[in-house]
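Can you keep this structure in mind? I'll have questions shortly.
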Amino acid sequence: MENIKEVLTKILLADGVSGDEDFACSIAATILREFGEVTYRENGSVILTMGDKSSDKHIMLDAHIDRIGLIVTYIDDRGFIKATPCGGMDMRTIPSSAVTVLGKENITGVVCTFPPHLIKNDSGDAITKDKIWIDTGLPVEKVKNLVELGDRIIVRSEPKELLNNRIASAALDNRAGCTALVETARLLKDKKLPCKLSIVLSSQEETSELGARTATFALDPTEAIIVDVGFAKQAGVPEESSGKFGCGGIISIAPVLSRKVTNKLIEISKSFGLECEYEVDGRTTGTNADVIAGSRGGVPCGVLSIPERYMHTQVEVVSLEDIESVAKILAKYVEDGGAF
């Protein structure tokens, strides 16, 4: 079994823009098959089943596997590719980025930018969503042969190992959460579980939350925990809604969440000596919990997030220590049979 850093790197290097997650799911499925039965949902999610399949208790752990990117909308008569965001891209980071167009072949390109020498007055403001053009260097005939409308585009970003056990990369939202669930499965591999466990790496969270919505309806769990990324502390980020690196995770408190599940997460984190931080929302959470909680007759949910800096950019940063801590909390939660 690969270690956490190796698993994270392997999943990060898979493409998988929202709505086109098949390759990322195939990589994750290969890793997960070591721990149990793996199945696919028609709309792109991958599901691992473990534990007592006949139990009335059925815990679901969810982390979305899709990543933000771009989608091809038009090709002009010079071969330039027009694109628009697929998910919440930070438009400030897009100009002059290197990209890969995921066509019939993977094609390297760059996002066009206007030379600063030709900018007059304030006309050089940040690029807007309707003005993203890609230059591949290929003639129009070649581009139109290799690229179709709807093809996805990813911003090129190799994972980089920082000091203090941290990783910088695009797509850590939410491949960090997926890695935490792989590590959870590893921790539970040889345990006799008091419940059925479904680990869901869900599709399309960044665009519609469709993967979590349909998987939850099909699986009909009795409770669920959603793992995503939350804001890590840095200058300018509110102290009360962010977590420091190494805290072990951020536990959400919100009306849409089950207080019983949340309290169980808090209890377990304290038993490990972790100093988990908290994010309180007055309505929903901005995660898959918002649709999972309302599935069928309702699913009691909790949210446990991995602190992350620079969200929705090419240089998102997380701590490997937090990924490991989140997995430990989740494994203990399942071993205890959940909150009910």
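Values below: every heavy atom of this structure, side chains too, minus hydrogens, waters and symmetry copies.
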Verify whether one side chain among Thr216 and Ser295 offers a donor that lies under 3.5 Å from an acceptor in the other.
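No pair is found: no donor N or O on one side chain lies under 3.5 Å from an acceptor on the other.
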Can you tell if the side chain of Val155 reaches within under 4.5 Å of the side chain of Met89, non-hydrogen atoms only?
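Result yes, sub-4.5 Å side-chain heavy-atom pair found.
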Going by heavy atoms in the side chains, are Ser269 and Tyr333 under 4.5 Å from each other?
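A side-chain contact under 4.5 Å is absent here.
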Minimum heavy-atom distance Thr179-Ile4, with the two atoms named:
CG2-O, 3.7 Å
Would you say Lys196 and Thr49 make side-chain contact, with heavy atoms under 4.5 Å?
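In contact.
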Which residue, Val227, Leu304, Leu197, forms the side-chain contact (heavy atoms from CB on, under 4.5 Å) with Leu61?
Leu197
With a 6.0 Å cut-off (strictly less than), is the heavy-atom count around CZ of Arg283, excluding the residue itself, greater than 12?
no
Nearest 0.5 Å please: distance from the CD atom of Gln204 over to the CG atom of Asp20.
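One finds 9.5 Å between CD of Gln204 and CG of Asp20.
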Tell me, do Leu257 and Ile253 make a side-chain contact under 4.5 Å, heavy atoms counted?
no
Quick one: side chain to side chain donor-acceptor pair (under 3.5 Å) pairs with a partner in residues 321-332, sequence neighbours left out?
Lys332-Asp336
Side chains of Thr287 and Asp228: do they bring a donor and an acceptor to under 3.5 Å?
no
Checking side-chain contact (heavy atoms from CB on, under 4.5 Å) between Cys25 and each of Ile65, Leu201, Thr30, which is the one that passes?
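Filter result, single survivor: Ile65.
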Which of these passes side-chain contact (heavy atoms from CB on, under 4.5 Å) with Ile81: Leu138, Leu70, Val147?
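Answer to the side-chain contact (heavy atoms from CB on, under 4.5 Å) test with Ile81 among Leu138, Leu70, Val147: Val147.
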Please say which of Lys53, Lys57, Met50 ends up in a side-chain contact (heavy atoms from CB on, under 4.5 Å) with Cys195.
Lys57
Pair Ser202, Asp62: side-chain N/O donor-acceptor within cut-off below 3.5 Å
yes
Taking atom types as modelled and ignoring hydrogens, do the side chains of Asn165 and Ser319 form a donor-acceptor contact shorter than 3.5 angstrom?
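No pair is found: no donor N or O on one side chain lies under 3.5 Å from an acceptor on the other.
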Could you tell me whether the side chain of Leu48 reaches within less than 4.5 Å of the side chain of Arg33, counting heavy atoms only?
no
On the six-membered ring of Phe35, is Arg186 placed so that its NZ or CZ lies under 6.0 angstrom from the centre and within 45° of the ring axis?
no
Please determine which of Val317, Leu320, Val318 meets the side-chain contact (heavy atoms from CB on, under 4.5 Å) test together with Arg166.
Val317
What is the distance from atom OG of Ser198 to atom CD of Glu37, rounded to the nearest 0.5 Å?
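Answer rounded to 0.5 Å: 9.5 Å.
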Could you pull out all donor-acceptor pairs under 3.5 Å where a side-chain atom in residues 234-243 meets a protein atom, sequence neighbours excluded?
unit_1 : atom_1 : unit_2 : atom_2 : d
Glu239 : OE1    : Lys233 : NZ     : 3.3
Ser242 : OG     : Lys233 : NZ     : 3.4
Ser242 : OG     : Pro238 : O      : 2.8

With a 4.5 Å limit on heavy-atom distance, are the side chains of Arg152 and Cys86 in contact?
yes
Would one find more than 12 heavy atoms of other residues, nucleotides or ligands at under 6.0 Å from atom CG of Asp130?
yes
Ignoring hydrogens and angles, tell me if any N or O in the side chain of Asp290 forms a donor-acceptor pair with the backbone of Gly286 under 3.5 Å.
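Checking the backbone N and O of Gly286 against the side chain of Asp290, a donor-acceptor pair under 3.5 Å is found.
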If you draw a 6.0 Å radius around NZ in Lys244, do more than 12 non-hydrogen atoms from other residues or ligands fall strictly inside?
yes
